[in-house]
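The structure appears below as structure tokens.
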Amino acid sequence: MAISFLILSGHSCFADSPLRSTQFFEAYKDEEIVKIAAEADGVLNDKLIDFILNKENPIDLKLAAINRLVLLKENLYNSEILVNYAIENGLYQNKSELYRLSDADLKICLAYLQAFDEKVSLSVALSTAWSATYRNKTSFSIHIIYAIIEAQMINYQDEWCKIYQATDKVRQNTSLKMDMKPEAVKIIFEYMDLYQEYCEE
């Protein structure tokens, strides 16, 4: 099966790609926060930000809301909105403090938003996501989002096998705690497994 894949040397999101095609929010579409995200026209609002910043909310639901928010949207600036909101409301003194934070859940949410943001390079998003996995070595949700961003970074057609491997290694990691709905995991791998054929050539 041929897969349309554009080279990503800088920052560009396109329809048929790991970021755009892993629409796992479908497994959470009946959740109120995902419904709010669906009506937000691609822009973070106070309800979404408060939900993301609340440490009591489950990480998979936060990520599902983000996944729905950014669906098919371009030129987004949501990571900047989140950072500015957190600083303006006294949660953090400045950007440096926020980026040094040890909250892995917030880090991966920020990274996921960065991955879609026009002003942020994908390498920055990947670095933020890696920091989240470093701080939480057991969350499947955190590690699979990191892997999806990593897969998006792969920018040569002859390395498409590595796109498959990026998420497959998360699937094979038995030390991770499954904190994402099985239906959501299925949606992710239904797309990512399309790249497996390139590992058989």
Would you call [X] and [Y] a side-chain contact if the rule is heavy atoms closer than 4.5 Å?
X	Y	answer
Ile36	Asn45	yes
Asp168	Gln196	no
Asn89	Ile49	no
Ile145	Cys109	no
Lys55	Asp103	yes
Leu63	Phe24	yes
Gln165	Cys199	yes

Do you know which two heavy atoms are closest between [X] and [Y], and how far apart they sit?
X	Y	value
Ala129	Ala111	N-CB, 3.4 Å
Thr133	Tyr146	CG2-CB, 3.6 Å
Ala37	Ala65	CB-O, 3.3 Å
Leu48	Leu69	CD1-CD1, 3.9 Å
Ser79	Asp117	OG-OD2, 2.5 Å
Ile154	Glu159	CG2-O, 3.7 Å

### Task
Kindly assign one of parallel, tilted or perpendicular to the pair Phe116 and Tyr112, based on the angle between their ring planes and the thresholds 30° and 60°.
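Rings of Phe116 and Tyr112: perpendicular, as their planes differ by over 60°.
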
Using only atom types and a distance under 3.5 Å, with no angle test, would you say the side chain of [X] pairs donor to acceptor with the backbone of [Y]?
X	Y	answer
Lys62	Ile52	yes
His143	Asn136	yes
Thr128	Val124	yes
Arg68	Glu26	no
Tyr28	Ala184	no

### Task
Would you check, one step at a time, whether the test salt bridge (charged side-chain N to carboxylate O under 4.0 Å, His left out) holds for Lys169 with Glu150?
CA-CA 12 Å; Lys169 66 185 178 184; Glu150 180 185 24; 3.3 Å; yes

### Task
For the residue pair Ser141 and Asp179, confirm or rule out a side-chain donor-acceptor distance under 3.5 Å.
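Side-chain D/A pair, Ser141 to Asp179: present.
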
### Message
Within the 3.5 Å criterion, strictly below it, is a donor on Ser131 or Arg135 matched to an acceptor on the partner's side chain?
### Response
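The criterion, which ignores hydrogens and geometry beyond distance, is satisfied for Arg135 and Ser131.
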
#### Entry: Any residue meeting ring pair (Phe, Tyr, Trp, His ring centres under 6.0 Å) with Phe25, in chain and number order, not counting sequence neighbours
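Testing Phe25 for ring pair (Phe, Tyr, Trp, His ring centres under 6.0 Å), a comparison that skips the adjacent residues, returns none.
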
### Query
Going only through I, L, V, M, F, W and Y residues with side-chain contacts under 4.5 Å, is there a path from Tyr77 to Leu106?
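Not linked; separate clusters.
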
Enclosure of [X] [atom1] (heavy-atom neighbours >12, cutoff 6.0 Å):
X	atom1	value
Lys186	NZ	no
Lys181	NZ	yes
Lys29	NZ	no

### Message
Check for me whether the distance between the ring centres of Tyr134 and Trp130 falls short of 6.0 Å.
### Response
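When the ring centroids of Tyr134 and Trp130 are compared, they turn out to be within the sub-6.0 Å range.
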
